[in-house]
Participant: 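Can you read through this structure? Questions will come right after.
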Amino acid sequence: MDVEALARWYGRNARDLPWRRTTDPWAILLSEVLLQQTQVARGIEYWRRLLDRFPTVTSMAEAEVDEVMHLWQGAGYYARGRRLHALSVEVCAPGGPWGGDLPSPSTCDDVVAGFQSLPGIGPYTAAAVASIAHEVPAAVVDGNVRRVVARQTATLKPTAGDVTSLAQAWMDDAHGRNVPPSVWNQAVMELGATVCTPRAPRCSDCPVQQGCLARDHASGPTAFPAPAKRRVITERLVALVDVDAQGRPHLVQRPSEARFGGLWGPRYLDANDAAVVDECGRRTKAGDVVHLLSHRRLEVEVWAGQTEHGVDPANKAISTLDERVLHLAKGA
DNA sequence: AAAACGGGGCT
DNA sequence: AGCCCAGTTTT
């Protein structure tokens, strides 16, 4: 791997992303959490919203988790929002180890370990924030890096250890050639995101095509890495939507450990639940909603009824599925 | 090592 | 219709 060629390429081709214009560790941490399994275009929108309301870690620690979740609404993977709030509380805890400051080289012996000890921060995010905000030479391993490693080495299913070792060897090489860790990590990810893409890699534009074993491999670059098989499970549910005279639905807050944890929505029953016959008998069917997640297909029967005390859903965090369910029930 | 966790965009 | 996305946590 010609690390200097890739670093030069990044200097010329880096996308102008808003978090690349700041050195504030909190803003960078927020961007990395938002970008977990989320595409950049979507991350930008939520990054601006959250940073506008919570410009510092302290400002989030002083807020209620429900306010964070309301701003998180629609972004998915809601545990991220809940854990980010927990992180802010932990960092700002009086008498705690952090005293209101995120881990940094001046306060922390091992910055990567410091970040990874916090809620919602795993190996990727810890290395990303430490390298981008503090120039710690820790290699990040995300989906882009895995793909670049698999293709450079023409390895069908590289182990996590293989990927981490090679990524760190590249980082050490780059760091030794005075390429800043912030630049190197983002250069590898940028290559994966814009050139070494999953479906249609642009090998002729690639700054590290020499030495890429997948490029001229008989099965072609897209054979690497081998696709993982995934199965989708269908789940049948019944949503019970009761509305009051003012048209406001009865909502309950989901437990934090449940799917859509911490968000509000109507009551749900498993379609096989014995209580379904009784509950649906007292309501009218409003229709069906099919909601697709990456690993689940939710088939929801929506049954509408009446209640004395609905609530105003306007200031509550509600999942995209429940937005659709409530909208359907309103028409019934 | 595998499963669970959201939602949207692209081919 | 299938696959992917700047992953983390739990089992």
Side-chain angles (χ1 to χ4, degrees), chain A residues 10 14-15 17-20 27-47 69 72-84 86-87 115-133 138-148 157-161 163-164 167 182 184-194 196-201 222 225-233 235 254-263 265 289-298 317-324:
Chain A
Y10 180 73
R15 289 168 293 178
L17 304 177
W19 43 84
R20 288 180 175 164
I28 291 167
L29 184 151
L30 182 55
S31 74
E32 294 299 343
V33 171
L34 278 169
L35 289 169
Q36 292 168 4
Q37 297 290 284
T38 301
Q39 293 179 338
V40 165
R42 233 180 136 54
I44 291 175
E45 170 192 343
Y46 283 88
W47 185 76
M69 297 314 293
W72 207 276
Q73 173 173 325
Y77 282 117
Y78 298 100
R80 292 182 298 171
R82 200 172 55 249
R83 290 170 184 146
L84 181 64
L87 177 155
F115 275 113
Q116 202 173 336
S117 74
L118 296 170
I121 307 299
Y124 166 77
T125 310
V129 180
S131 63
I132 296 172
V140 294
V141 176
D142 74 337
N144 290 312
V145 176
R146 273 190 290 276
R147 189 168 54 254
V148 171
K157 297 176 72 172
T159 66
V163 176
T164 302
S182 62
W184 178 253
N185 271 340
Q186 295 190 81
V188 182
M189 292 192 285
E190 193 80 351
L191 184 74
T194 64
C196 194
T197 55
R199 302 300 191 78
T222 56
K229 55 185 159 196
R230 50 192 79 185
R231 67 178 192 282
V232 174
I233 299 168
E235 205 170 310
R254 297 163 179 271
S256 60
E257 68 277 10
R259 186 155 57 210
F260 308 113
L263 274 63
V289 170
V290 175
H291 192 72
L292 300 174
L293 310 178
S294 56
H295 51 299
R296 279 279 195 285
R297 172 186 171 89
L298 307 181
I318 296 174
S319 71
T320 300
L321 165 61
D322 285 338
E323 294 276 19
R324 297 173 61 198

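Chain letters run A, B, ... following the sequence lines, proteins first and then strands; every chain starts at 1.
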Participant: Round to a whole Å and report the spacing from CG of A:Leu34 to P of C:dC5.
Facilitator: 18 Å
Participant: Provide the distance between the two P atoms, one in C:dA6 and one in B:dT11, to the nearest whole Å.
Facilitator: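 It comes out at 14 Å once rounded to the nearest Å.
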Participant: Look at A:Arg296 and B:dA4 and indicate whether a side-chain polar atom (N or O) is within less than 4.0 Å of OP1 or OP2.
Facilitator: yes
Participant: Which nucleotide, B:dG7, B:dC5, C:dT8, lies nearest any side-chain atom of A:Gln36?
Facilitator: C:dT8
Participant: With rounding to the nearest 0.5 angstrom, report the CG to CH2 distance, A:Leu34 to A:Trp19.
Facilitator: 8.0 Å
Participant: Taking for each residue the nucleotide of DNA chain C with the nearest heavy atom, is it A:Met189 or A:Ile121 whose nucleotide lies nearer the 5' end?
Facilitator: A:Met189
Participant: For the side chain of A:Ser117 and the backbone of A:Phe115, is there at least one donor-acceptor N/O pair under 3.5 Å apart?
Facilitator: no
Participant: When you measure from the side-chain N and O atoms of A:His291 to the phosphate of B:dG7, is any distance below 4.0 Å, counting only OP1 and OP2?
Facilitator: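 Affirmative; the distance criterion is met.
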Participant: Considering just the side-chain nitrogens and oxygens of A:Thr320, establish if one lies under 4.0 Å of OP1 or OP2 belonging to B:dG7.
Facilitator: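 For B:dG7, OP1/OP2 do have a side-chain N/O of A:Thr320 under 4.0 Å.
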Participant: Is A:Trp19 touching bases, backbone alone, or none of the nucleic acid, heavy atoms closer than 4.0 Å?
Facilitator: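 Result for A:Trp19 = base.
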Participant: Would you indicate whether the side-chain heavy atoms of A:Tyr78 and A:Trp72 approach each other to under 4.5 Å?
Facilitator: yes
Participant: Nearest to the side chain of A:Gln39, heavy atoms from C-beta on, is which of B:dG8, C:dT8, C:dT9?
Facilitator: B:dG8
Participant: With a non-hydrogen cut-off below 4.0 angstrom, is A:Thr125 in contact with a base, only sugar-phosphate, or nothing?
Facilitator: sugar-phosphate
Participant: Check every strand shown and say whether A:Pro119 touches a base, only sugar-phosphate, or nothing at a heavy-atom separation below 4.0 Å.
Facilitator: sugar-phosphate
Participant: Closest-nucleotide mapping onto DNA chain B: is A:Gly76 or A:Thr159 further toward the 5' terminus? I mean the 5' end.
Facilitator: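 On the 5' side of the pair lies A:Thr159.
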Participant: So what does A:Ile132 hit on the nucleic acid, given a heavy-atom distance under 4.0 Å: a base, only sugar-phosphate, or nothing?
Facilitator: nothing
Participant: Distance check, P atoms only: C:dA1 and B:dC5, in whole angstrom units.
Facilitator: 23 Å
Participant: Enumerate donor-acceptor pairs with a distance under 3.5 Å from any side-chain N or O in residues 187-194 of chain A to protein atoms, sequence neighbours excluded.
Facilitator:
residue  : atom : partner  : partner atom : Å
A:Glu190 : OE1  : A:Arg15  : NE           : 3.4
A:Glu190 : OE1  : A:Arg15  : NH2          : 2.9
A:Glu190 : OE1  : A:Arg20  : NH1          : 3.4
A:Glu190 : OE1  : A:Arg20  : NH2          : 2.9
A:Glu190 : OE2  : A:Arg15  : N            : 2.9
A:Glu190 : OE2  : A:Arg15  : NE           : 2.9
A:Glu190 : OE2  : A:Arg20  : NH1          : 3.4
A:Thr194 : OG1  : A:Glu190 : O            : 2.8

Participant: Nearest whole Å is fine: how far is B:dG7 P from A:Trp72 CH2?
Facilitator: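 Distance, rounded to whole Å: 13 Å.
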Participant: From the options B:dG6, B:dT11, C:dG7, select the nucleotide whose nearest atom is closest to the side chain of A:Arg199.
Facilitator: B:dT11
Participant: Rounded to the nearest 0.5 Å, what's the gap from CD1 on A:Ile28 to OG1 on A:Thr125? Could you check?
Facilitator: 13.0 Å
Participant: Find out whether A:Ile44 and A:Pro18 are in side-chain contact, i.e. whether some heavy atom of one side chain is under 4.5 Å from a heavy atom of the other.
Facilitator: yes
Participant: Do A:Tyr124 side-chain and C:dG7 base share a donor-acceptor contact under 3.5 Å?
Facilitator: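 By the distance-only test, no, there is no pair.
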Participant: Could you walk me through whether A:Arg254 and A:Asp322 pass the salt bridge (Lys or Arg N to Asp or Glu O under 4.0 Å) check?
Facilitator: CA-CA 12 Å; A:Arg254 297 163 179 271; A:Asp322 285 338; 3.1 Å; yes
Participant: How many whole angstroms separate atom CZ of A:Arg259 from atom C1' of C:dT10?
Facilitator: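 Whole-Å distance recorded here is 16 Å.
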Participant: Could you check which of C:dG7, C:dA6, B:dG7 has an atom nearest any side-chain atom of A:Ser319?
Facilitator: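 From the listed options, B:dG7 comes nearest.
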Participant: Describe the nucleic acid contact of A:Gly74 in one word from base, sugar-phosphate, nothing, applying a heavy-atom distance below 4.0 Å.
Facilitator: sugar-phosphate
Participant: Figure out the CD/C1' separation between A:Glu32 and C:dG7, and round it to whole Å.
Facilitator: 11 Å
Participant: Base, sugar-phosphate, or nothing for A:Arg20, non-hydrogen atoms under 4.0 angstrom?
Facilitator: base
Participant: Please state how far atom CZ in A:Arg83 lies from atom P in C:dT10, giving the value in whole angstrom units.
Facilitator: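 Result: 6 Å.
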Participant: Would you call A:Arg259 and A:Glu235 a salt bridge, using N to O less than 4.0 angstrom?
Facilitator: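 Between A:Glu235 and A:Arg259 there is a salt bridge, with a charged N closer than 4.0 Å to a carboxylate O.
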Participant: Among C:dA6, C:dC4, B:dG6, which nucleotide has an atom closest to any side-chain atom of A:Val40?
Facilitator: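 Ranking C:dA6, C:dC4, B:dG6 by closest atom to the A:Val40 side chain puts C:dA6 first.
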Participant: Are any of A:His295's side-chain N or O atoms less than 4.0 Å away from OP1 or OP2 of B:dA4?
Facilitator: no
Participant: Return the value, rounded to whole Å, for the distance between atom CD1 of A:Ile44 and atom C1' of B:dG8.
Facilitator: 15 Å
Participant: Think A:Tyr77 has a side-chain N or O under 4.0 angstrom from the OP1 or OP2 of B:dA4?
Facilitator: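 For B:dA4, neither OP1 nor OP2 has a side-chain N or O of A:Tyr77 closer than 4.0 Å.
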Participant: Could you check A:Leu35 against A:Gly120 and say which one's nearest nucleotide on DNA chain C is further toward the 5' end?
Facilitator: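 Between the two, 5'-proximity favours A:Leu35.
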Participant: Taking CZ from A:Arg80 and P from C:dA6, how many angstroms apart are they, rounded to a whole number?
Facilitator: 12 Å
Participant: Measure from the side chain of A:Phe260, starting at C-beta and using heavy atoms only, and say which of C:dT9, C:dA6, B:dG7 lies closest.
Facilitator: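 Out of C:dT9, C:dA6, B:dG7, the nucleotide with an atom closest to A:Phe260's side chain is B:dG7.
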Participant: If the P atom of B:dG6 is compared with that of C:dT10, how far apart are they to the nearest Å?
Facilitator: 14 Å
Participant: Starting from C1' on C:dG2, measure out to CG on A:Leu293 and report it in whole angstrom.
Facilitator: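 Checked: the CG to C1' distance equals 15 Å.
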Participant: Distance check: side-chain N/O of A:Gln37 vs OP1/OP2 of C:dC5, anything under 4.0 Å?
Facilitator: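 A:Gln37 to C:dC5 OP1/OP2: no side-chain N or O under 4.0 Å.
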Participant: Using a heavy-atom cut-off of 4.0 Å across all strands, would you classify A:Ser31 as base, sugar-phosphate, or nothing?
Facilitator: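 No contact.
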